[in-house]
Amino acid sequence: MDLRGTVTSVGSVRTVGTRYGDREVAEVYVDGDEVTLWGDWAETAELVDEGFDVAFYDLDGDRSTTADSQVVVEPSYMVDVTAVRSWVQCPRIQYLGKIRPTPMEYPVVKGTLVHQVFEDLLRGADVDASVERRVRESGAEVELSGESIEDALKDVRQHADAISGWLNQDSLGEDGWRSEVTLVSTDLGLKGRCDALRRGRPVELKTGKSVGSDPYFQDKIQVALYALLLRERGVYPETGTVIYTKNASLDRSEGDVSPAKDFTVGDGLLDFALRKRNEVAAYERRIEVPTGYEAEADCSRCFERDPCMVVAGRLQQESKAGEIGEAVENHELEFFNESYRSIEERRREVYGEFAELADGGRSSEYSITDVEVERVEEDGEGFVLHCRKPPDASKIREGDVVLASDGDPLRGEMARVKQLTPEEIVVSISEDIRVSRFDVYPSEFGFSRELSALHDFVLTGERRRKDVFFGEREPEFRDVDVGSIDGNPSQTDAVRRGLAADDLCLIQGPPGTGKTYTIARLVAASVDRGERVLLSSYTNRAVDNAVENLLKISDANLVRVGTEGGVGDSVSHLMLDGDDGADALRDADVVAATTSSCSGRLMRELEFDRVVLDEASQLTSTAAFAAMNRAPRWVFVGDQMQLPPVAPEESVFERLLELHPDSAVSLDKQYRMAQRIQAFSAGEFYDGTVYPANHEVAAKTLDDLSNVDVDKLEDPLRDTVCFVDVESSPQGNVHMEEVEKTAEVVETLLDAGVEGDDVGVITPFRVQAAEISERVPDDVAVDTVDRFQGSSKEAIVVSLAASGEMESPVFEDDRRLNVALTRAKRKLVLVGDVSALRSRGLYSRMVDWARADDTTPE
DNA sequence: TCTCTGCCTAGAGGA
């Protein structure tokens, strides 16, 4: 029988004599029921506490473990296979691997390249061509890791020859192989990506050497865990293989130097590996830091000994290896621990999404279903599937990594979305499998990046930067001369202060005040003075936008770092290509990248004089550290009256604004909205300190656009700002009456001659946006408020989707309304249910404001 | 019943 529940009490482990000899035994109570754990499973009692979630598989009728039983601690925690691998070496290595960034060292870069070549070879690629292509593609990384391209080519070639020589002897040839298989089990709380499967048996590739007849123990554990995951799919591999590609270059006298080492994956090994997984899960549940005493690790021979001792010393941790160096300040330690905790808690939340995936009952926002593959193309990298699909309201966007499956997402393959329209989805995928649905793959990528940036900032960051961040030191400014910006003293001031800042400057830019132009002027002026600038932001869209605007006024030498899917077409020619080495990065005046990219291996090798960070009011401190670590001078651009970070934390912009209000400048002239449109926002959110830049801006109307005939608009749509009342009876977050009304308003505007491209529809809920989008022409942009932040349109229709007492948390943050009301240049139409909107003061005042010109009776 | 973007998820070195 199987059992899963919450531990209510735990007995102690003891030894009893049985007819099989002495055995360990312990009792655990789960939701009040006694479960008896025998043998090695008895250790579980020492891992768990009251409140832990535990699953038992194949117990006997008395709820005792048998030879076939498995016990899983905290199955909802999705432990990664590689985490267990390093835990087996030493629990501290697992912890260090989590908080420290991947070093830019040649062996690591080489390991990546050899894996890529291995994958190419399994697809039948030519060795020479694959080595050449992969090494050249990563030219900058190779050079930054301290190796020349020529030597790397030779080296990778040797490893590739070892693989292909061995593959050529393989009876299966290229058949019977699958590469890069994603394996996930929510029953075991385990996930991982296996390098390859050879007729259902796991194969792991290592670029090192192993002269014994057996693979290293941690490698066997890694492969055993893949075998365990395969069993969950009904595949029962009897053996596993580790390939050590460096063995090919060894002397035969050293022992067994064949590259591939097979070994048996028996029940004992699998159970052991699962218990190790449980140890990791128990530690993660408590958010504890291991000391190294948990395992019989021998510190004297450990190559991670120095970093282990340094981290322990800096963070005042106990470590088996000992501690060296000076501890960080107490407030820094506190900040580190708090941030670590917060990141780990958010990671757990993401794991909850795996459980929903397994249920298959996942809400539609996480998946696209009823997909039909229409066409399959083969390209050098794998396959491209062109699929028809019904319209959807999912979170899935172009560039995302998704699980493609024929029904059960947990048995899916990773695919990348190349194109997405309401009717079609095009993905690239390594295997041509049957596909009927796509699911969001819950990614914890960002968390490891935040942890490593946090580590760098607090543990290895410079004193002065830290003191400014923690409010221990006042930012300093020097005198600089800059040319003035015509008719805009506040922009001129922002550029001057930004350039004068030796530590920090905060530029607050309310909607439409020319943040992007100010950034361009500042970066250009900074480059003119011989500085090297990092231009960064949270989203790719904002980075691209900043780059485009900079290039309009400057001929600075700029490199855009990012991924193919992320960087927009308009600036993709600024990315490095295969012919560029590290010098292209070292010589650039400006490097532009997302904050996430800034903690990548490549960016971590670069230093700058100044970082200009856009969207800083949407970034948490830990997310911003990646960019802040790259330069001693920080210029943050944002607006604390617009949307905050999604994570429930204060933004880095707000934090520093509170600590250093004297380092802030505000932009006050807005170029976007007609006077009538900006008035409410200016009064409610900016104390009336924002003005139209000039008379033309203030007097903007829809009439000014060619082809528009305002006589075709009837009251109340004639007014620049107007309100349309609709009674609402929502189903979920879909307010259907409002959907219809909004579509009607859009149609009226289009009939009056407004171009579709000049109209935008925004609404708080994604599902509401999806419904509206189906009822308006394709060139009308429909999106959530959050996603519309940063852009604007001539005419905006807001579907407020309010009902009842407006209980939804989406209405709790008033800043969302500020964003919604400040996207329109010439016409703002609000659609909503008056009786609901009256339940909140701010919204009620908004209704009165919108109706001020309205002569029709309520 | 809320909002949501990043990223190629690779790893030598010892017994």
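Every chain is numbered from 1, with letters handed out A, B, ... down the list of sequences.
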Grab the [atom1]-[atom2] distance between [X] and [N] for me, whole Å please.
X: A:Arg305; N: B:dG13; atom1: CZ; atom2: C1'; value: 16 Å
X: A:Arg100; N: B:dT9; atom1: CZ; atom2: C1'; value: 18 Å
X: A:Glu137; N: B:dA10; atom1: CD; atom2: P; value: 18 Å
X: A:Leu205; N: B:dA10; atom1: CG; atom2: C1'; value: 10 Å
X: A:Met414; N: B:dC7; atom1: CE; atom2: P; value: 15 Å
X: A:Ile93; N: B:dG13; atom1: CD1; atom2: C1'; value: 11 Å
X: A:Glu304; N: B:dA15; atom1: CD; atom2: P; value: 17 Å
X: A:Arg816; N: B:dC2; atom1: CZ; atom2: C1'; value: 7 Å

Categorize [X] for me: base, sugar-phosphate, or nothing, with a 4.0 angstrom heavy-atom threshold over every strand shown.
X: A:Leu113; value: nothing
X: A:Gly208; value: sugar-phosphate
X: A:Gln618; value: nothing
X: A:Pro645; value: nothing
X: A:Gln89; value: base
X: A:Ser596; value: sugar-phosphate
X: A:Lys110; value: nothing
X: A:Arg416; value: base
X: A:Ser597; value: sugar-phosphate

Report the nucleotide, chosen from [options], that has the shortest atom-to-atom distance to any side-chain atom of [X].
X: A:Tyr216; options: B:dC2, B:dA15, B:dC4; result: B:dA15
X: A:Thr563; options: B:dA10, B:dG14, B:dC8; result: B:dC8
X: A:Phe303; options: B:dC7, B:dG13, B:dC2; result: B:dG13
X: A:Arg601; options: B:dG11, B:dA10, B:dG14; result: B:dA10
X: A:Arg301; options: B:dG14, B:dC2, B:dG11; result: B:dG14
X: A:Thr594; options: B:dC2, B:dG6, B:dC4; result: B:dG6
X: A:Thr207; options: B:dG14, B:dC4, B:dG11; result: B:dG11
X: A:Arg766; options: B:dC8, B:dA12, B:dC4; result: B:dC4
X: A:Thr102; options: B:dG11, B:dC2, B:dC7; result: B:dG11
X: A:Glu204; options: B:dG11, B:dT5, B:dC2; result: B:dG11

Where the side chain of [X] meets the backbone of [Y], is there a donor-acceptor pair that is under 3.5 Å apart?
X: A:Glu398; Y: A:Leu420; answer: yes
X: A:Ser597; Y: A:Ala593; answer: no
X: A:Arg601; Y: A:Thr102; answer: no

Original post:
According to a strict under-4.0 Å criterion, is A:Lys191 in side-chain N/O contact with OP1 or OP2 of B:dT9?
Top reply: no
**OP:** Give a yes/no answer on whether the side chain of A:Asn540 brings an N or O atom under 4.0 Å of OP1 or OP2 in B:dT5.
**Re:** no
**OP:** Kindly indicate, with the supporting measurements, whether the criterion side chain to side chain donor-acceptor pair (under 3.5 Å) is fulfilled by A:Ser728 and A:Asp833.
**Re:** CA-CA 6 Å; A:Ser728 210; A:Asp833 185 338; 4.8 Å; no
Original post:
Does the B:dG14 base have a donor-acceptor partner in the side chain of A:Gln218 within less than 3.5 Å?
Top reply: yes
Original post:
Taking the six-membered ring for Trp, are A:Phe653 and A:Phe636 ring centroids under 6.0 Å apart?
Top reply: no
**OP:** Run the ring-centre check on A:Tyr77 versus A:Phe354 and record whether the distance is less than 6.0 Å.
**Re:** no
**OP:** Represent DNA chain B in dot-bracket notation, 5' to 3'. Only Watson-Crick or G-U wobble pairs with both distances under 3.5 Å count; pseudoknot-style crossings use [ ] and interstrand partners use |.
**Re:** ...............
**OP:** Output yes when A:Asp783 and A:Arg766 qualify as a salt bridge under the 4.0 Å nitrogen-oxygen rule, no when they do not.
**Re:** no
Original post:
Would you say the side-chain atoms of A:Ser537 and A:Glu615 include a donor-acceptor pair closer than 3.5 Å?
Top reply: yes
Original post:
Of A:Asp195 and A:Phe217, whose closest DNA chain B nucleotide lies nearer the 5' terminus?
Top reply: A:Asp195
Subject >> Taking every non-hydrogen atom, the tightest pair across A:Ser452 and A:Arg100 >> reply: CB-C, 4.0 Å
**OP:** Search all heavy atoms of A:Ser536 against all heavy atoms of A:Thr594 and return the closest pair with its distance.
**Re:** OG-C, 3.5 Å
